[in-house]
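Okay, structure first, notes after.
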Amino acid sequence: LMHLTRKLIEIRSMLLSIDQSDALKLPSIVVIGSQSSGKSSVLEAIVGHEFLPKGNNMVTRRPIELTLVHTPAKADGKAPEEYGEFPSLGLGKITNFAHIQQTLTDLNLAVPSSEAVSNDPIDLRIYSPNVPDLTLIDLPGYVQISSMDQPETLKEKIAGLCERYIREPNIILAVCAADVDLANSPALRASRKVDPLGLRTIGVITKMDLVPPEQGATIIAGNRYPLHLGYVGVVAKSAGKKSMSQSAGAVAKRSENDYFGNHHDYFGASSSLMVGTDTLRRRLMEVLESSMASSLHGITNAVQLELEEATYQFKVQYNDRRITAESYVAETVDMLKSRFKDFTTQFRKPQVREKLKMMLDEKVMDVLEQLYWLDKRTPELGVLAADAKVKPQDVEPYWRHKLEAASSLLTKSGVGRDSTLLVADGLRALIDSIVSGDPFTHHPRAAERLVQFSHMILRERIGVTSDQVENCIKPFKYEVDVDEREWEQGRGRAAELFQIEVAMCESKLKEIKKKVGGGRRLSSLLGYVRSLEEQAKERKNRRLAGEEDVQEEPEAESYRYPPGQILDARHAILYNDRLSILKLRLAALKSKRCKAGPESDVLCPEVFLNVVADKLAYTSTMFINIELLDHFFDQLPRGIDSRLIYDLDRKEIEEFARENPVVRRHLDLQERKDKLEEVMKQLNSLSTLRTDTQPAPRRQ
Ligand code: GDP
């Protein structure tokens, strides 16, 4: 018979884990009473151990869902171990009840005093051969008077909390002290509100030893405030500290037996009054069992309905496809790795070489600008190149020095560091683009770890790589051999780059022309600005020549055109100058002289520098590939496995998967359906069990 309650208690806690709605609730016994009514003493008497928080300062701040599990004697006759468990804390078996008491105290005190009480229940299970299968919910005691350190709202908060728990189908255990008038019992008052006929309320009268026996007997006879389930009188005073040699329960029980034994004429079997903790325990078992039994039909229907709905939704929304947190994690990792692999194609040697070459081309342009385009003598080079009689070896040493300076400016510009950083930046951007896409938007912590890990690899490799590259391009700092074929290719590329530069300058000029309002307006503007410059130059010369009364630049003059346009004009002059030198050089690049080959290097520095840049790019790529890219693409996938996945435990995998709302909803519905199925199975097995058992006998 007890089998039924036990099963139903299991089912009850499964239902609680499915959802907290009232529709899916099996009854439990809810213990209410005012502070100091002896509530804790009664619960401890039922359990046979002291385990509840003690202290004057209202220590029960959270409901305690207390599940008692009867453990039958072992085959060898030895009593099984008694222990408690907090399933949600994962502390394992606790055999020392003082430990349980401490844990409960800590959990209660963790509720901030601003909140005073919390609705979040503490789940505690106690396994013992000395307890019946029962579920009890201990609630904070009703406060009679608000004291200084208890806020005024506390009273209402506790009352509200109790009110939620004493709703149907729960059974109310109303604890009242015999020495306090029942009319003043907040427990009975609360119970009458929700259960006016007292159909699901049991009265427990504590401290029977504090009133004369005839008065006690009158109270538990219950004529004044009748309860259908009756009153049970107890003496549950727990023993003082001095008798720790015996268990608290045993001492309390003895004093209770003594008391009722001494007053046999009032409380003996013939009185038909219910007294004693044992009787209370039995009574609770009976009441819980019959209440559960009568909820069975309703709950089975409710579960059936919920299950049908969940099954339907699972079919409709997910086509019955099952997933697990692990499979999601595995899929995510596969996706990450394959996306990663796709991206590696962007970092093959030709791609890297091209990127580096572009960077070096920029550097070449800077060097050319610095050393040639700004040099007024540079047009002479074109003239020399056009003159067939000039031999390269006869060209002034000036140009030879210039070329050497340009070449060394390029090779000593920090190519090792710049090229390594360029590739490393590319890798960072790659990782950023991976983690900013789906599904990592849902997993910010994993994304952060991946980013950090990749940055760590890069940090470790950047120094080594840039040193290595710098080392390998060292020979080019001294001399660069160029063969015919390289020369010809370099010439082609240099011409292309110049053409691009020319096009760029032309489009800038066009923009400016449009901005100032047409070609004619631009040329008059240019004429004006040039004349300003002439005048400025003249003034400067006169000042240099020692003339005293040279005027400052006449301010008002600038007003002929708005300052913005003067600035545009100055830019236009720069672009025009640049264009004319570029065109000169383009012509030189196409000259016979430049086509002749590497011996013309002095006359065609652009070609020479382009070939140097190409060699630098080639060598850098080779070593960046070995020192940086190979390491990176080798270590990152391993890091994904070891840092992202394998150090996750079951719980973290679950959390990771649930970070994705789509997966979370899927898992939730699937779990709900599974649990409902399991509950349904259990309920069905119960109904076959019930057909061959009689309803619980009731004590009169
Ligand atoms: P709670 O605040 O309702 O949990 O009440 P407690 O269980 O802590 O009891 C309050 C006080 O009443 C304690 O000092 C208990 O020792 C005492 N007490 C509880 N039950 C009895 C009883 O049956 N008889 C006597 N004499 N004292 C009791």
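Residue indices begin at 1 and follow the sequence shown. We count ligands from 1, going down the list as the structure has it; atoms in each ligand are counted the same way.
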Within the 3.5 Å criterion, strictly below it, is a donor on T277 or E256 matched to an acceptor on the partner's side chain? yes

The ring-ring contact (aromatic ring centres under 6.0 Å, His included) partners of F260 (sequence neighbours excluded) come to F267

Residues 267-276 vs salt bridge (Lys or Arg N to Asp or Glu O under 4.0 Å), sequence neighbours excluded, gives none

message: Test your reading of the structure: does T206 have an N or O sitting under 3.5 Å from an N or O of ligand 1?
response: no

Heavy atom of A236, distance to ligand 1 below 4.0 Å: yes

Notebook entry, point to check: Distance only, no hydrogens: is a donor on one side chain within 3.5 Å (strictly under) of an acceptor on the other, for E44 and H49?
Noted result: no

Here the atoms of ligand 1 under 4.0 Å from any heavy atom belonging to S34 are 3 (O)

d(L136 CG, I126 CD1) to nearest 0.5 Å is 9.5 Å

Close side-chain approach of D668 to R658, heavy-atom, < 4.5 Å:
yes

Next on the checklist: Is there a polar contact, in the sense of an N or O pair closer than 3.5 Å, between V235 and ligand 1?
Outcome noted: no

Note: heavy atom closest to atom 19 (C) of ligand 1, options S36, S41, A45, S255, belongs to S41

| request: Compute the shortest N/O to N/O distance between Q35 and ligand 1 and return yes if it is under 3.5 Å, no if not. | output: no

The option among D138, D209, V234, T277 carrying the non-hydrogen atom nearest to atom 24 (N) of ligand 1 is D209

>> Does any N or O of ligand 1 fall below 3.5 Å from an N or O anywhere on G38, backbone included?
In response: yes

Notebook entry, point to check: Is any side-chain heavy atom of L288 closer than 4.5 Å to a side-chain heavy atom of D133?
Noted result: no

Note: ligand 1 atoms sitting under 4.0 Å from heavy atoms of L210 are 26 (N)

